Protein chains: 2
Amino acid sequence: MSRKRIPTIHDVARLAGVSTGTVSRALNARSGVHPVTRQRVMEAVNQLGYVPSVAARELAGRIESVGVMVTPRIWKYSPYFILLFEALSEALWQEGYQLVEVPMSPAGEPLQAAAGYIVLGAHDHDPRLERMSQNHPNSVLVGVHPNMFWVAPDDPGGAYAATQHLLELGHREIAHLGAAGQVGRERFEGYRQALQDYGVPYRPELVLNGAFTILPAYRAVRRAWEGGLRFSGLFAASDEMALGAIAALEDLGLDVPHDVSVVGFDDLPDLERPLTTVRQEIPAIASTAVALLKEAISRTPPRGVRVGVQLVVRETTARKR
Amino acid sequence: MSRKRIPTIHDVARLAGVSTGTVSRALNARSGVHPVTRQRVMEAVNQLGYVPSVAARELAGRIESVGVMVTPRIWKYSPYFILLFEALSEALWQEGYQLVEVPMSPAGEPLQAAAGYIVLGAHDHDPRLERMSQNHPNSVLVGVHPNMFWVAPDDPGGAYAATQHLLELGHREIAHLGAAGQVGRERFEGYRQALQDYGVPYRPELVLNGAFTILPAYRAVRRAWEGGLRFSGLFAASDEMALGAIAALEDLGLDVPHDVSVVGFDDLPDLERPLTTVRQEIPAIASTAVALLKEAISRTPPRGVRVGVQLVVRETTARKR
DNA sequence: CGTAAATTCGTAAACGCTTACAAGAATCCA
DNA sequence: TGGATTCTTGTAAGCGTTTACGAATTTACG
């Protein structure tokens, strides 16, 4: 049961009748190889099913690997983070990096060496972040931290835009379905600021608490409404929460958007409803992270970047009746 | 802002006053190097903060990397898959493999070469699986497929045990909260078989439909109960569904487990309730996948393995009143 | 048609590590 | 003490790729 040898660049070269250098150029460089030759090489590649060895590429200095450290428990917020993970993989690949998932020791040290690190999902004041920022200047946090490189979406701005949208539609009783943590706070701030700028008094009882996930949102909204709370607009701190809210409202016999307009946050793909929401450009966050990573690797002083965010109006909001 | 050179085995050798071969042996081999020499090498390693280059090791044939391909949309079932991902990373590392996340082309081809592949989360009859099974005999599916290597938990067995547990507690009206797809079907089969073996007639109206996730489960249970359906036991096809069901029942003023006993499936960690459930040994699934991968790499004919599953009785089931 | 410039391609070194091989040093036993 | 063993170590080839360099070929142009 002998193992089939994996084809290498030499096999391709032999089959195409060229040298390995040429194969490499045909594969990587935009120019410097005759179209006809390139064609022959590509055919050989397809015929053999050749795929370049990442290890060899890395050794030759063509790519480097960067470690992505994922905090455990991250799966509680999962759809968002998984999308981010995929986007990072893609963005790194584009820039000639390879994504390696590296475990983080309890003390906060990466368990594998890499050219740089990207940290996902650490808590607000996780001591491991201090550790990373001290010992690993070549790392980037997706989140906010004063003395690291960081990227984060413009949460306050997005929340502001969402609330503003509801206000512009004529709504005055606007509830907010919020969550704890730094992100939750920032989104709440945007909501509050928008109300203030439009001269609508802030009413604490209109702020409900969810947890970024769907069922707590459903229950909070249903309970609040059954308890007599009324509003014609709702800004939810995540799409999942928005879906929960909509389900609750509909189960109560209300119509979205005609009785209540709902705005979400994130713009997750493939949702069951076309949500009016604030889109996070996950690919943009990923590519910003990679750009910062390059700075971090060259030991530039750390800085943070807010990635813009965009209101997408779909079918869950309407003008107030 | 020059980047600090990463120390190599040569630097270590120079500092320790030995050859690179000796350093390598000191690091890898149990024997064949004088204790005193080894000591000197280790000191040099620590002093320089040397970490072996994974790429070079791989090129030299010491370790191999295996690609894990994650189907998009996987995040819909996410907690389970993220845990699995982490477990795989761990299990591979143990066996001297490195986990690399490799993107899958739309056609179903891995975009990076690796010693082997593990495929996660592809749909039942995904054409890309056919493709993989044809072109990449060195791959393992977590799931079930006739002509690939595959691992899967013992879904029918687990479902049987869950239902049996409810029957043994004296319940006779046992509902099933199910989901679509192969996994959903297999869990349903276990439920049905158990009823039959205990002489309890199968009543189709007791089978509710969720979608593996929490909110649809909540709504299905709530609606069914409000519609007059009654049962004293419920077997849910996933823990998330069980949580949704419990929330619904409690919102209806019922007590779990005294009015209704609920059993889940998966045994996710850190749930808000101590669920009676069927535990999937995720680490076992991961290590089985790795074991099969080794077979696959050596081109053994494909086979599938069911990993055992275990009923864990906690606080959501009770004897029928 | 002839020369200069541009394009294309082959050669070989380098990346960091492992390991087969051989040489040298230490140990053993008669 | 001397030869045979056994340990320890250095040497160098090889893993699959990229890329600087220079040779060979093609193109451009007067």
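Atom set for the values below is all heavy atoms of this structure, side chains included, hydrogens, waters and symmetry mates excluded. The model shown is predicted, which means the values in this text are computed figures rather than measured ones. Lettering follows sequence order; numbering is per chain, from 1.
Between B:R25 and the phosphate of D:dT8, there is no side-chain N or O to OP1/OP2 separation shorter than 4.0 Å. Close to C:dG10, at under 4.0 Å from its OP1 or OP2, lies a side-chain N or O of A:S19. Dashed line: the shortest gap from a side-chain N or O of B:T22 to OP1 or OP2 of D:dG10 is under 4.0 Å. Residue A:S53 places no side-chain N or O under 4.0 Å from the OP1 or OP2 atom of D:dG16. Phosphate proximity of C:dC9 to A:T37: present, with a side-chain N or O under 4.0 Å from OP1 or OP2.
Mapping A:I9 and B:V33 onto DNA chain D by nearest heavy atom places B:V33 closer to the 5' end of the strand. Comparing B:H34 and B:A60 by the nucleotide of DNA chain D whose heavy atom lies nearest to each, the residue mapping closer to the 5' end is B:H34.
In this structure, the CD atom of B:E58 is 14 Å from the C1' atom of C:dC15, given to the nearest Å. Going from atom CD of B:Q98 over to atom P of C:dG16 covers 17 Å, rounded to whole Å.
Across all strands shown, B:S31 has no heavy atoms under 4.0 Å from either base or sugar-phosphate atoms. Among the protein residues, A:V18 comes within range of the sugar-phosphate backbone only, with heavy atoms under 4.0 Å from sugar or phosphate atoms but none that close to a base. When heavy atoms are screened at a 4.0 angstrom cut-off, A:G61 is found touching no nucleic acid atom at all. Contact annotation for A:S24: base contact, defined as any heavy-atom pair under 4.0 Å involving a base atom.
Picking from C:dG16, D:dG16, D:dT8 the nucleotide with the shortest atom distance to the side chain of B:T8 gives C:dG16.
Defined by atom type and a distance below 3.5 Å, a donor-acceptor pair is missing between the side-chain atoms of A:E43 and A:Q47.
Between the side chain of B:S24 and the backbone N or O of B:G21 there is no donor-acceptor pair closer than 3.5 Å. B:R306 places a side-chain N or O within donor-acceptor distance of the main-chain N or O of B:P153, the cut-off being under 3.5 Å. Checking side-chain atoms of A:T288 against main-chain N and O of A:A284 turns up a donor-acceptor pair under 3.5 Å.
Under 4.0 Å is where a charged nitrogen must lie from a carboxylate oxygen, and between B:R128 and B:E130 no such pair does.
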